[in-house]
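Below is one structure, written out as structure tokens; comments come after it.
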Amino acid sequence: MKRFLLAALVCLGVWCLAGCAQDPAESGGTQETTAAAVTTTAVTTTVTTTKATTTVTTTTQAQYLLADDMEMKIDPGSVRSVSCSFTVANKGEANQPYSKCWRILDPDTEKELKRLPGADETTVRAEGVIAPEGESPAIRADWEKRYGELPDGTYLLELVLEEVAEEQDAKKDDSSDAEKEPRILPKVVRAELVIDSEGFVPRVHIDPATVTPEGCVMTVRNSPDVGRTYSLVYRIYEEGTTRTQLLKGTDLDAKLADNYHMEPGETLTLKYNWSEKLGSLLEGNYSIEIDLKPDDGSPAVSYIAPFVLK
């Protein structure tokens with residue numbers, strides 16, 4: 001009987017061990033294992049190194065004082081590539097000294113134009129005083145020897161009125177208790193200077209629409225510098241390989257109409273009819289020449305207007 005019980009216990013132990021060693025896949029069900037997703041975030045550590053920065057504040061001090069109660073008036077008729085004339089008017093309530101120390105500046109940089117080698121330096125020297133609501137005598141600015149002939153364009157003309165002490169609060173010097181000496185600055189007045197070479201001389205023009213074999217119309221536009229008088233003499237030329245004068249006549253129509261003098265900037269309209277003396281002109285290139293005498297006493301100058309007969 002004991003042997004039988006012992007054998008039964010041994011068989012039971014062997015069966016349990018076999019059950020524990022069995023593969024799950026070979027068992028009756030399928031087992032699924034779900035693992036949780038894991039996100040790994042890399043941590044970036046940024047180290048910012050700040051260098052010591054030294055800030056230097058530069059204060060630009062004014063180099064001049066602009067007189068807002070003064071007005072510069074440039075005579076447009078006097079403007080040339082080498083010179084001009086101007087006056088200065090006092091719009092303030094006190095007498096204003098002035099000098100003849102002028103210069104020309106670049107309007108973009110406000111710096112003086114480059115001087116020619118050997119050009120004389122200008123000095124501030126009192127010329128007189130302008131009373132309130134008064135105006136200075138005409139001042140001539142001739143810069144041919146200082147800057148040379150200037151090209152057409154826009155510039156700034158500056159005149160130093162006087163040199164004055166800069167107004168400022170009493171400041172103590174860093175190294176002492178003494179007050180700083182005020183700076184001496186030029187007090188200036190400025191105006192825009194426009195150089196336009198086309199406006200320096202009179203212009204004569206014949207409108208092609210007015211041209212016929214028997215006549216034409218000429219327009220004479222005077223320059224703004226001085227009045228001029230038409231001499232009433234005109235000359236007609238045939239233009240070709242050689243220039244041939246066809247007629248020299250007197251403009252009686254302009255004389256009878258008192259149409260022969262121009263103030264600065266004014267215009268004359270002259271009508272020519274040569275049919276009685278020349279008949280009808282053939283196709284070709286022609287011109288009319290007239291003389292204009294300036295009112296300032298300078299010699300008369302000839303001006304030519306071409307026209308074409310087609």
Side-chain angles (χ1 to χ4, degrees), residues 74-85 140 142 144 148-154 193-310:
I74 299 175
D75 177 9
S78 71
V79 177
R80 295 292 183 271
S81 59
V82 295
S83 62
C84 75
S85 295
R140 181 75 174 174
D142 188 338
E144 185 172 15
E149 185 175 354
L150 298 182
D152 287 2
T154 301
L193 170 66
V194 179
I195 298 178
D196 179 9
S197 58
E198 290 190 0
F200 296 165
V201 295
R203 301 290 170 179
V204 292
H205 174 70
I206 296 175
D207 184 352
T210 68
V211 176
T212 68
E214 292 79 28
C216 67
V217 177
M218 175 189 288
T219 300
V220 184
R221 179 171 59 86
N222 193 17
S223 56
D225 55 343
V226 67
R228 285 179 170 82
T229 299
Y230 169 37
S231 70
L232 299 175
V233 175
Y234 66 94
R235 295 171 289 276
I236 299 178
Y237 294 90
E238 182 179 13
E239 303 287 352
T241 53
T242 59
R243 192 164 185 256
T244 304
Q245 181 174 303
L246 303 178
L247 175 66
K248 180 179 181 179
T250 301
D251 193 343
L252 297 178
D253 292 338
K255 182 178 181 180
L256 292 174
D258 196 24
N259 184 39
Y260 50 84
H261 182 266
M262 300 174 292
E263 293 296 331
E266 285 189 342
T267 299
L268 284 181
T269 300
L270 305 175
K271 297 180 180 180
Y272 294 103
N273 188 321
W274 52 76
S275 59
E276 293 185 1
K277 297 181 179 180
L278 284 178
S280 297
L281 296 179
L282 301 176
E283 293 183 356
N285 298 321
Y286 301 89
S287 65
I288 297 180
E289 181 180 54
I290 63 172
D291 300 326
L292 299 176
K293 182 174 177 58
D295 292 350
D296 60 7
S298 55
V301 179
S302 298
Y303 299 90
I304 298 176
F307 65 95
V308 178
L309 270 173
K310 298 180 180 180

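Every value quoted in this text rests on a predicted model; they were computed, and no experiment measured them. Numbers for residues simply follow the sequence, beginning at 1.
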Please list all pairs meeting ring pair (Phe, Tyr, Trp, His ring centres under 6.0 Å) that have one or both residues in residues 241-266, counting only residues at least two apart or in different chains.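 Those involving residues 241-266 do not exist here.
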
Gap separating the [atom1] atom of [X] from the [atom2] atom of [Y], nearest 0.5 angstrom:
| X | Y | atom1 | atom2 | answer |
| --- | --- | --- | --- | --- |
| Tyr237 | Ile288 | OH | CD1 | 11.5 Å |
| Lys277 | Lys248 | NZ | NZ | 12.0 Å |
| Ile290 | Leu270 | CD1 | CG | 6.0 Å |
| Thr212 | Asn273 | OG1 | CG | 7.5 Å |
| Thr267 | His205 | OG1 | NE2 | 12.0 Å |
| Asp295 | Glu263 | CG | CD | 7.0 Å |

Applying side chain to side chain donor-acceptor pair (under 3.5 Å), name anything that partners [X], two or more places apart in sequence or on another chain.
| X | answer |
| --- | --- |
| Glu283 | none |
| Glu266 | none |
| Asp152 | Ser197 |
| Asn285 | none |

How far apart are the closest heavy atoms of [X] and [Y], and which atoms are they?
| X | Y | answer |
| --- | --- | --- |
| Phe200 | Asp196 | CE2-O, 3.3 Å |
| Ile74 | Cys84 | CG2-SG, 4.3 Å |
| Lys293 | Ser298 | NZ-O, 3.3 Å |
| Pro294 | Pro299 | CD-O, 3.4 Å |

If the condition is side-chain contact (heavy atoms from CB on, under 4.5 Å), which residues does [X] pass it with, not counting sequence neighbours?
| X | value |
| --- | --- |
| Glu276 | none |
| Asp142 | Ser83, Glu144 |
| Val217 | Thr210, Thr269, Lys271 |

Inter- and intrachain pairs under salt bridge (charged side-chain N to carboxylate O under 4.0 Å, His left out), touching residues 206-221, at least two apart: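 Sorted pair list comes back empty.
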
Any side-chain heavy-atom pair from [X] and [Y] closer than 4.5 angstrom?
| X | Y | value |
| --- | --- | --- |
| Leu246 | Leu281 | yes |
| Val204 | Val220 | yes |
| Leu309 | Val211 | yes |

Short side-chain donor-acceptor distance under 3.5 Å, Glu238 and Tyr286: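 Side-chain D/A pair, Tyr286 to Glu238: absent.
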
Can you check side chain to side chain contact (heavy atoms under 4.5 Å, CB included) on Gln245 and Glu289, steps first, answer last? CA-CA 10 Å; Gln245 181 174 303; Glu289 181 180 54; 5.9 Å; no

Counting only pairs under 3.5 Å, give me each side-chain donor-acceptor contact of residues 224-232, with atom names and distances, residues two or more places apart or in other chains.
unit_1: Asp225; atom_1: OD1; unit_2: Ser223; atom_2: OG; d: 2.7
unit_1: Asp225; atom_1: OD1; unit_2: Arg228; atom_2: NH1; d: 3.0
unit_1: Asp225; atom_1: OD2; unit_2: Arg80; atom_2: NH2; d: 2.6
unit_1: Asp225; atom_1: OD2; unit_2: Arg228; atom_2: NH2; d: 3.4
unit_1: Arg228; atom_1: NH1; unit_2: Asn222; atom_2: OD1; d: 2.9
unit_1: Arg228; atom_1: NH1; unit_2: Ser223; atom_2: OG; d: 3.0
unit_1: Arg228; atom_1: NH1; unit_2: Val226; atom_2: O; d: 3.4
unit_1: Tyr230; atom_1: OH; unit_2: Asp251; atom_2: OD2; d: 3.1
unit_1: Tyr230; atom_1: OH; unit_2: Tyr272; atom_2: OH; d: 2.9
unit_1: Ser231; atom_1: OG; unit_2: Val233; atom_2: N; d: 3.4

Taking salt bridge (Lys or Arg N to Asp or Glu O under 4.0 Å) as the definition, give me every residue that meets it alongside Glu239, ordered by chain and number, with sequence neighbours left out.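 Arg243.
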
All pairs passing side chain to side chain donor-acceptor pair (under 3.5 Å) where residues 300-310 contributes a residue, at least two apart: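 Every side chain to side chain donor-acceptor pair (under 3.5 Å) pair that includes a residue of residues 300-310, provided the two are not neighbours, is Asp291-Ser302.
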
